[in-house]
Amino acid sequence: MNYWLMKGEPSEFSIDDLERVGEQLWDGVRNYQVRNMFRNDMRAGDLALFYHSSCADIGVVGEMEVVVPALPDPAQFNSKSKYYDPKSTIENPRWYGPKIKFVSKFKKLVPLSTIRADKRFSDMILLKAGNRLSVFPITKTEYNALVKLGK
DNA sequence: GCCAACGTTGGC
DNA sequence: GCCAACGTTGGC
């Protein structure tokens with residue numbers, strides 16, 4: 001079982017949206033490293049933390065579970081979508097995303113500033129300078145510690 | 001809105 | 001395969 005942190009902009013899709021719909025395809029990822037992690041490393045049943053980025057309250061807001069790790073992202077075929085990729089074909093899709101489901105919403109958001117200040121999280125990719133991954137693995141220890149802070 | 005730090009693209 | 005130009009990410 002693997003543990004992940006997944007960043008998303010709440011103005012596009014938030015933990016409240018996920019709680020409402022229950023399940024959602026995590027679309028719009030256009031980074032090859034992340035795509036490869038979806039295809040090679042993510043497994044059904046993996047747990048992931050939902051992180052709100054590019055917003056007023058930045059931090060970890062809840063838990064999710066991977067239902068299906070890598071499905072072709074339909075947005076890449078939609079010329080109206082901002083995630084459209086003219087080089088993708090149905091036969092040979094370029095972009096994938098996992099289907100994820102809601103597990104829990106934290107009682108209180110765990111802010112980025114708190115994560116930065118806590119030595120237990122100093123090895124997280126989240127805090128590495130120049131990190132550009134919107135999805136990355138974390139350890140079980142980090143996962144559990146963040147869940148505990150949120151409850 | 002700024003901007004640093006990256007990733008991607010495409011001509012050569 | 002190099003590398004300059006451009007685009008994107010994401011905290012502040």
Side-chain angles (χ1 to χ4, degrees), chain A residues 2-21 24-42 46-66 69-100 102-139 141-143 145-151:
Chain A
N2 297 313
Y3 296 85
W4 304 90
L5 187 146
M6 301 175 68
K7 292 183 175 182
E9 299 189 17
S11 59
E12 302 276 325
F13 187 78
S14 71
I15 187 74
D16 293 320
D17 294 325
L18 181 61
E19 182 169 21
R20 185 161 37 75
V21 298
Q24 176 75 14
L25 184 78
W26 197 269
D27 64 358
V29 171
R30 296 292 179 267
N31 175 286
Y32 287 105
Q33 242 182 300
V34 175
R35 180 204 65 181
N36 293 343
M37 286 193 287
F38 289 153
R39 295 201 302 198
N40 302 332
D41 305 324
M42 198 171 255
D46 282 358
L47 292 172
L49 296 175
F50 195 155
Y51 175 98
H52 280 179
S53 69
S54 299
C55 58
D57 295 308
I58 296 167
V60 179
V61 291
E63 291 179 274
M64 317 184 281
E65 183 184 329
V66 176
L71 294 166
D73 180 346
Q76 70 194 305
F77 308 123
N78 177 4
S79 60
K80 303 262 169 57
S81 168
K82 68 173 176 174
Y83 299 123
Y84 176 59
D85 186 339
K87 292 178 179 166
S88 276
T89 61
I90 300 278
E91 301 75 34
N92 193 14
R94 178 181 289 198
W95 304 112
Y96 291 79
K99 183 189 272 189
I100 45 109
F102 178 83
V103 172
S104 74
K105 181 184 172 180
F106 285 179
K107 286 218 164 51
K108 53 179 184 179
L109 171 142
V110 180
L112 176 59
S113 57
T114 299
I115 299 171
R116 275 194 205 288
D118 193 324
K119 286 204 178 72
R120 290 177 296 166
F121 303 121
S122 57
D123 288 334
M124 286 180 77
I125 289 170
L126 179 70
L127 304 182
K128 303 282 185 215
N131 159 56
R132 314 250 310 172
L133 302 176
S134 62
V135 177
F136 48 84
I138 62 176
T139 68
T141 307
E142 290 159 348
Y143 184 94
L146 284 164
V147 169
K148 203 166 184 180
L149 287 174
K151 280 182 176 165

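We name chains A, B, ... by the order of the sequence lines, and we start the count at 1 in each one. What you see below is based on every heavy atom in this structure, not just the backbone, and it leaves out hydrogens, waters and symmetry mates.
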Colleague: Suppose we call a contact any N or O donor and acceptor under 3.5 Å apart; does that hold for the side chain of Arg132(A) and the base of dT8(C)?
Modeller: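 Looking at the base of dT8(C), it does pair with a donor or acceptor on the side chain of Arg132(A) (distance under 3.5 Å).
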Colleague: Send over the distance from Lys128(A) NZ to dG11(C) P, rounded to a whole Å.
Modeller: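 Roughly 17 Å, once rounded to whole Å.
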Colleague: Taking atom C1' of dA5(B) as reference, at what distance in whole Å does atom CD1 of Ile125(A) sit?
Modeller: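 Rounding to the nearest Å, CD1 of Ile125(A) and C1' of dA5(B) are 17 Å apart.
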Colleague: Please state how far atom CG in Leu112(A) lies from atom P in dG10(C), giving the value in whole angstrom units.
Modeller: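 Value for this atom pair: 12 Å.
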Colleague: Does the side-chain contact (heavy atoms from CB on, under 4.5 Å) test come out yes or no for Val135(A) and Asn31(A), once each step is laid out?
Modeller: CA-CA 10 Å; Val135(A) 177; Asn31(A) 175 286; over 6 Å; no
Colleague: For Asn40(A), is the CG atom crowded, meaning more than 12 foreign heavy atoms sit under 6.0 Å from it?
Modeller: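 Atom CG in Asn40(A) is packed in, count exceeds 12.
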Colleague: Using whole Å, report how far OH of Tyr83(A) lies from P of dG7(C).
Modeller: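 Spelled out: OH on Tyr83(A) to P on dG7(C) is 18 Å.
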Colleague: What's Lys87(A) touching, base or sugar-phosphate or nothing? Going by heavy atoms closer than 4.0 Å.
Modeller: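 Since only primed, P, OP1 and OP2 atoms lie under 4.0 Å of Lys87(A), the category is sugar-phosphate.
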Colleague: Checking the side chain of Glu12(A) only, and the main-chain atoms of Glu9(A) only, is there a donor and an acceptor separated by less than 3.5 Å?
Modeller: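 Such a contact is absent between Glu12(A) side chain and Glu9(A) backbone.
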Colleague: For dG10(C) and Lys7(A) - does any side-chain N or O of the residue sit under 4.0 Å from the phosphate oxygens OP1/OP2?
Modeller: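 True: Lys7(A) side-chain N/O within range (under 4.0 Å) of dG10(C) OP1/OP2.
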Colleague: Is the shortest side-chain N/O distance from Tyr51(A) to OP1 or OP2 of dT9(C) below 4.0 Å?
Modeller: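 Answer is no, no contact under 4.0 Å.
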Colleague: Is the distance from OP1 or OP2 of dC12(C) to the nearest side-chain N or O of Arg116(A) less than 4.0 Å?
Modeller: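 Affirmative; the distance criterion is met.
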Colleague: Closest approach to the side chain of Tyr32(A), judged atom by atom: which nucleotide of dT8(B), dG11(C), dT9(B) is it?
Modeller: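 So the nucleotide nearest the side chain must be dT8(B).
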Colleague: Measure the distance from CG on Asn131(A) to P on dT8(C) and round it to the nearest whole Å.
Modeller: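 From Asn131(A) CG to dT8(C) P: 18 Å.
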Colleague: Do the side chains of Asp73(A) and Arg30(A) get close enough for a salt bridge, i.e. N-O under 4.0 angstrom?
Modeller: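 Looking at Asp73(A) and Arg30(A), the cut-off is met.
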Colleague: Calculate the interatomic distance between Glu9(A) atom CD and dG10(C) atom C1'; express it in whole Å.
Modeller: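 Whole-Å distance recorded here is 8 Å.
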Colleague: Calculate the interatomic distance between Asn31(A) atom CG and dT8(C) atom C1'; express it in whole Å.
Modeller: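 Between C1' of dT8(C) and CG of Asn31(A): 10 Å.
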Colleague: Using the ring of each side chain (for Trp, its six-membered ring), is Trp26(A) parallel, tilted or perpendicular to Phe13(A), with breaks at 30° and 60°?
Modeller: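 Aromatic pair Trp26(A)/Phe13(A) classed perpendicular.
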Colleague: Just the rounded figure in Å: distance from P of dT8(B) to CG of Leu133(A).
Modeller: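 For the pair Leu133(A) CG and dT8(B) P, the rounded distance is 10 Å.
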Colleague: If you look at every strand shown and take non-hydrogen atoms under 4.0 Å, does Leu127(A) touch a base, only sugar-phosphate, or nothing?
Modeller: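 Nothing, no nucleic acid heavy atom in range.
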